[in-house]
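Here the structure is laid out as structure tokens; the discussion comes afterwards.
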Amino acid sequence: MALVETQDLVKNYELGGETVRAVDGVSLSIDRGEYVAIMGASGSGKSTFMNMIGCLDIPTSGEVRIDDIATGDRDGDALAELRNQKIGFVFQQFNLLARTTALDNVAVPLIYAGLGGDERRAKAKAKLEEMGLGDRLDHSPAKLSGGQQQRVAIARALVTDPVILLADEPTGALDSKTSEDIMQIFQTLNDQGITIIVVTHEAEIADHAKRRIEFRDGKVIEDIMTKKRRKAGA
Amino acid sequence: MMGNLVQKASGWLVNVAIAMTALRTNLMRSILTTLGVMIGVFAVTLAVAVGSGAQVSVMQSINALGSNMALVFPQPDTGEGGRRSFDRGRLTMRDARAIEKQISGIDDIAPQLRTNIQLVVAGRNASTNAVGTTPGYGKVSNVVAESGRFISEADVRSAARVVVLGPSVARKLFGDYDPVGETVRINRAPFNVIGVLESKGSSFGNDNDDIAIMPITTTRQRFSGDTLSGPDDLQMLFVGFEDGVSLPTAKREITKLLRERYRVRGKDINPFTIRTTEEFMKESAQVTGIFQIVLVAIASISLLVGGIGIMNIMLVSVTERTREIGLRMALGAKRSDIRNQFLVEAAVLCVIGGAMGLILAIAGGTALTVYADFPVPIGVGVGIGAIIFSAFIGLLFGGYPAVRASRLSPIEALRSE
């Protein structure tokens with residue numbers, strides 16, 4: 001069953017009086033448990049596509065269905081609720097709150113899920129321990145390495161137990177050794193059944209995924225199963 | 001239901017925690033912004049307190065005059081217009097007796113001649129206002145002798161050289177020594193001090209105890225002359241009424257009686273003026289009310305400036321944290337969550353500023369009371385009002401920036417640098 005489904009998805013931007021078609025009629029579906037890499041040069045529309053399936057951006061036309069829920073007729077608050085419950089985000093620049101402890105950073109989505117303080121702390125602590133950061137709970141981002149920061153961000157993405165993890169260039173700000181660690185974590189998560197969608201322009205990162213979708217000029221030009229899949233840590 | 005409430009409360013607590021973190025991050029900026037609200041709340045609180053202090057003071061001084069009475073002056077009453085039939089005012093001792101006899105509900109009357117005198121004793125001297133009157137003055141004006149006695153009918157009949165001193169005058173001349181039985185010289189003539197009045201304190205910086213009282217006949221014989229034309233003329237007449245007497249009715253009756261006595265007809269103006277304590281109260285309440293409104297209006301300007309400061313800083317804060325707003329939205333924050341976060345931040349700033357302003361106002365009010373002898377009552381109500389009002393200022397001026405933050409598109413906010 002399709003977890004993410006798009007139908008004739010179009011996104012136009014007005015730029016200097018001209019209409020730029022960033023995403024041009026994309027229809028595809030991603031099933032539960034898949035590990036997908038979305039590739040393409042910058043300006044190919046891959047990030048715009050990602051933002052639309054993450055319900056951060058509103059399509060010009062076409063439809064996005066998440067877990068069989070139509071998103072088109074939902075207002076901003078309903079989309080916020082959907083993101084909170086179904087989708088975990090990992091960003092290139094980590095996007096952690098400065099001067100806020102790792103524990104409090106991870107607990108942020110739970111505030112908006114309406115959980116009480118004790119429950120928030122308990123869940124956040126458990127996720128950080130899963131990420132091997134049990135001894136860094138009270139550290140602020142400034143006192144953590146890049147890899148540790150990205151692991152805090154992954155813990156934050158997973159704390160609400162979403163069905164999809166959306167990662168936009170998750171290793172873009174990391175060295176190759178640390179990138180490998182993050183890929184290892186994604187591998188483990190996918191083995192546990194979490195659907196992962198990674199946007200990247202690095203072939204090595206894309207090689208970890210089971211499926212590879214390539215964008216050019218807002219259109220999908222290639223959608224294939226990875227032949228020689230790299231297993232992180234193997 | 002309960003669980004929902006707890007969740008809501010904890011949601012607000014989280015907002016307070018987020019606000020405190022944000023405010024600590026820009027500590028200097030937060031303090032300076034708070035200062036604006038602090039000064040505003042200080043000014044408004046003190047203005048309210050000074051206004052009600054003035055009201056209290058005025059009421060006190062009217063009460064010191066005597067509670068339920070009419071004052072009659074020999075002054076042509078030009079208040080309502082009309083043809084002038086007298087060049088000067090008229091009021092005589094005979095008028096006073098007629099009023100006492102014919103008007104009902106009168107407690108006592110106090111005809112008066114007032115003059116400035118110089119008292120000398122053993123090289124010390126004091127100048128004060130002497131009231132030449134009758135024993136009725138004591139009752140009408142609520143004054144009693146604390147030691148010795150008040151003037152008597154016999155004193156008035158014989159134009160005795162006796163004087164009752166106000167406490168301030170007594171202290172100036174005799175210190176703590178009880179002067180009853182001593183002799184003072186007033187304008188070179190020896191007077192016997194027969195009593196000292198009970199203190200009536202001061203109101204509005206006016207010492208009610210700086211006074212000397214003597215028989216009206218004595219004043220007439222020794223100190224009057226040039227200002228009065230007839231030997232029977234009065235400068236003022238207090239008419240004290242029993243409790244429950246309607247002063248407007250009494251005023252009408254006295255007016256009617258005096259008009260008949262002076263044969264004033266139709267629209268001709270009266271050669272006398274009658275005022276009642278009730279009118280004084282109403283007029284003063286009006287004046288102090290306006291005084292208070294003006295004070296508060298001026299003070300409110302500083303609070304407005306403080307509020308604009310809050311709005312300015314909150315707009316800066318929203319701009320600086322656009323990315324954070326985008327992130328929070330991506331993580332599931334609804335519009336109301338973002339709006340509340342910034343509203344709480346503004347309210348926290350304002351309440352802290354308001355509390356400091358209130359403390360400052362209490363200090364300022366106490367200083368005024370102690371050093372300027374001016375009552376500045378800052379009650380619990382004013383205090384709570386000031387805090388609630390500053391929270392309201394926070395919500396008012398933080399409202400626009402907060403709503404603006406909540407309207408951001410998640411993706412655009414997230415992309416901003």
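By convention in this document, chain letters (A, B, ...) are assigned in the order of the sequence lines, proteins followed by strands, and residues within each chain are numbered from 1. Please read these numbers as outputs of a predicted model, since none were measured by experiment.
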Flag if over 12 foreign heavy atoms under 6.0 Å of CG, A:Asp77: yes
Side chain / backbone / both / neither for B:Arg415 at chain A, heavy atoms under 4.5 Å: side chain
Interface check, chain B: of A:Val108, A:Leu97, A:Asp104, most non-hydrogen pairs under 4.5 Å belong to A:Leu97
Top contributor to chain B interface from A:Gln93, A:Arg99, A:Gln85 [non-hydrogen pairs under 4.5 Å]: A:Arg99
Would you give the length of the straight line joining atom CD1 of B:Ile325 to atom CZ of B:Arg339, rounded to the nearest 0.5 angstrom? 13.5 Å
Which atoms of B:Arg321 come close to chain A, meaning under 4.5 Å heavy atom to heavy atom: side chain ones, backbone ones, both, or neither? neither
Is the backbone of B:Ser30 close enough, under 3.5 Å, to the side chain of B:Asn26 for a donor and an acceptor to pair up by distance? no
Supply the atom-to-atom distance B:Met329 CE to B:Lys334 NZ, rounded to the nearest 0.5 angstrom. 12.0 Å
